[in-house]
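Labels below follow one simple rule: chain letters A, B, ... track the order of the sequence lines, proteins then strands, and each chain is numbered from 1. What you are looking at is a predicted structure, and each value in this text was computed from that prediction instead of being measured.
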Amino acid sequence: MTIEDALTTRIQRAVAALFPAMATTRVEIRPSIKPEFGDLSSPVALPLAKQARRSPLDVAQQLRAALQPSLPTYVRDTTVTPPGFINFFIDAALYAGLLCQEILEAGERYGRAATPIPQKIVVEHTNINSNKAAHVGHLRNACLGDTVVRILRANGYTVEAQNYIDDTGVQVADVIVGFRYLGKTYDGSLPFDFFCSQIYTEVQRAYQAQPALLDYRRQVLRDIEDRTSDIARFAKELSTKIVTRHIETMSRVNINYDLLTWESDILALGFWKHAFDLLTARHLLEHPTEGELAGCWVVPFGDGNVTTTDGQQRNSDKVLVKSDGVVTYTGKDLAYQMWKFGLLDLDFGYRLWATQLNGLSLWTTTHDPTQRPPRQFGHANRVVNVIDARQAYPQEVVYETLRRLGYSEQAEQSTHLSYQVVALSAGAAEALGVPVEPGKMTYAFSGRQGIEVKADELLDMAAQRLSQHLSAQRSEGRSKSTDERIAERLAVGAVRYYLLKFNLQQIIPFDFDDALRNTGDTGIYLQYAYARACNILERTGRAPEANQPATLCSQDKNLGDIGGIPRLLVEEVQERRGLLRHRANPRCGSPPAT
RNA sequence: GCCCCGAUAGCUCAGUGGAUAGAGCGUCAGCCUCCGGAGCUGAAGGUCGCACGUUCGAAUCGUGUUCGGGGCGCCA
């Protein structure tokens, strides 16, 4: 029990006793701003006084008196100061001793939920098209997703991390065009995914010069539909090799998954057809015979036809099946979302993909449903989709359609964990040869144009710089391979921290110097502090004891931070800003009458 | 046209109703024969885009507005 928790609970009790009508008032408690206001202060009397129409000072005094008998031993004194704050003076040495005891007892489980929550949450993240190397934008997604998984698990939820493989889209077809029609062959001089990134860019350029190549792409897409075709086999082999590389990259930063879900399996096993039948049975789709969307299957949505600022005609209804009969990404995503909740009477086949660095098995879906899994996948109570902010609209279409199908509970339990993209800072853009305009702060990545920073490149650069730093130090008998291992670990910390320290709604202006910095507010600082702490413990030659640190760190103002860690983890999930908050989009408030 | 996001120190960002708005980087001045200088101490630097409103109290909530980014695709 942290100081803040202990005091909050007691204040809540006092409020309930004195002001029963306002028992639900949110009790806030925070570090005091001045030493004469004690160590912790609460403004709780202020809103209470407002509602009760009494003097805030009186209310605070009354609360203080009511609290007095029940305060923990480490509270030395309490005061009330204008305009109505209640201040608590903490005996740091006493508290430090108690806190240390608590931490030593909990060990590595400190801060984690003591009891499991009987709820399953599926977290979908990473989701890289299987045609090219992962870049830093993908890395932001994966770091966020993996962190969400860890926080939810720490809170006691059963969590399943799924990585969705979009292996049936045009991007894969583009690379096949490069291999089959531009005569590209892989010579092993680059990692396979880097090589495919290069081909992808070259093919985009080739389309401009030889528009006839687009016909080849259409043919490739048709051929992929037939699973037995040579092209389909080639596509699967290509995607498998790329995904293998993605997993290798992510395992470098200690990101692991439970299941790879393949879009091609969703199609092959009839998930989409099943979802489509449900939609049409409930008359939720339109099938216009004329106009722009003639021949498509459409879910009516938003405002219908609009003229955009640039004068173009657009339609905010969402096409789920194109006029040529091919299902769109949003359609497939809807079927996938339904499967996650166990709403389809269908299941994938499964087989073991690999054993990961964390020791856990990674499973993959297959299109052979007779291959049974070791445990049940999907069937979630709640689903969190880590997807960038540009996809807010199609995500809302998925959730709203779920609701229209009658699954409003599941729609409510669906979260689009929306985050902004990574873009190049002006400096980084210039370094990559992008023309820089005065006054323009960020520049979008473009895989098509080959303007990007690959995840492995960034990690390699970070590791190399850190390795140089290490070799410049007195090595004290450290081997070169040890240096490299340390550099890799530090690089991972630096990159993960950099990608996580920004607010979700903030575009990260990617800057090489910033991302690779090894001083100040960085992951490396944390790792350094940890190493020093371990070193101190090692030198003392004995394990920490509950009664020792009380004198060691009695003056440390960071005690409250350490004691606050458990609450921090819980708040990430439960509070207003929590990860599981359902983010509703106002535009979806009024579905059109159908 | 409609919707979403951003705007806080020279730069990059924290801070979702409480007391005197914080950090890193950069700048300047200090600190290496007890803990790892990837560090520590201090200084300078801010009408929180703008206006009005709600409130005892607003960077925070509301309305309007300016600038920047994104979305409204038979792309994914």
Any idea which heavy atoms bring Val44(A) and Pro47(A) closest together, and the distance?
O-CD, 3.2 Å

Is it the case that Gln162(A) and Tyr336(A) place a side-chain donor and acceptor less than 3.5 Å from each other?
yes

Among C25(B), U55(B), G71(B), the one nearest any side-chain atom of Lys50(A) is U55(B)

Name the closest nucleotide to the Asn87(A) side chain, picking from G24(B), U12(B), A19(B).
A19(B)

Spacing of His469(A) atom NE2 and Ile486(A) atom CD1 [to the nearest 0.5 Å]:
11.5 Å

Which of the following nucleotides, C35(B), G18(B), A38(B), is nearest to the side chain of Pro43(A)?
G18(B)

What's the gap between G57(B) and G71(B) when it is taken at their C1' atoms, as a whole Å value?
38 Å

Can you tell me which nucleotide in G18(B), A38(B), C13(B) comes closest to the side chain of Pro509(A)?
C13(B)

Of the nucleotides G71(B), G18(B), G24(B), which has the atom closest to the Asp521(A) side chain?
G24(B)

Per Gln506(A) side chain, nearest of listed nucleotides C56(B), G39(B), A14(B):
A14(B)

How close do Tyr207(A) and Arg217(A) get, counting heavy atoms only, and between which atoms?
OH-CD, 3.3 Å

Side chains of residues 444-451 of chain A: which donor-acceptor partners sit under 3.5 Å, not counting sequence neighbours?
| residue | atom | partner | partner atom | Å |
| --- | --- | --- | --- | --- |
| Ser446(A) | OG | Gln449(A) | N | 3.1 |
| Arg448(A) | NH1 | Gln204(A) | OE1 | 3.3 |

Sorted by first residue and then second, give each salt bridge (charged side-chain N to carboxylate O under 4.0 Å, His left out) pair with at least one member in residues 489-499 of chain A; sequence neighbours left out.
Asp146(A)-Arg496(A)

Centroid distance below 5.5 Å plus an interplanar angle below 30 degrees: do Tyr528(A) and G36(B) meet both conditions?
no

Taking the chi torsion of C52(B), is it syn (within 90° of 0) or anti (everything else)?
anti

Writing each nucleotide of RNA chain B 5' to 3' as (, ), [, ], | or . by Watson-Crick or G-U pairing under 3.5 Å yields (((((((..((((....[...)))).(((((.......))))).....(((((..]....))))))))))))....

With the side chain defined as heavy atoms from C-beta on, Ile507(A) is closest, among C74(B), G69(B), U12(B), to G69(B)

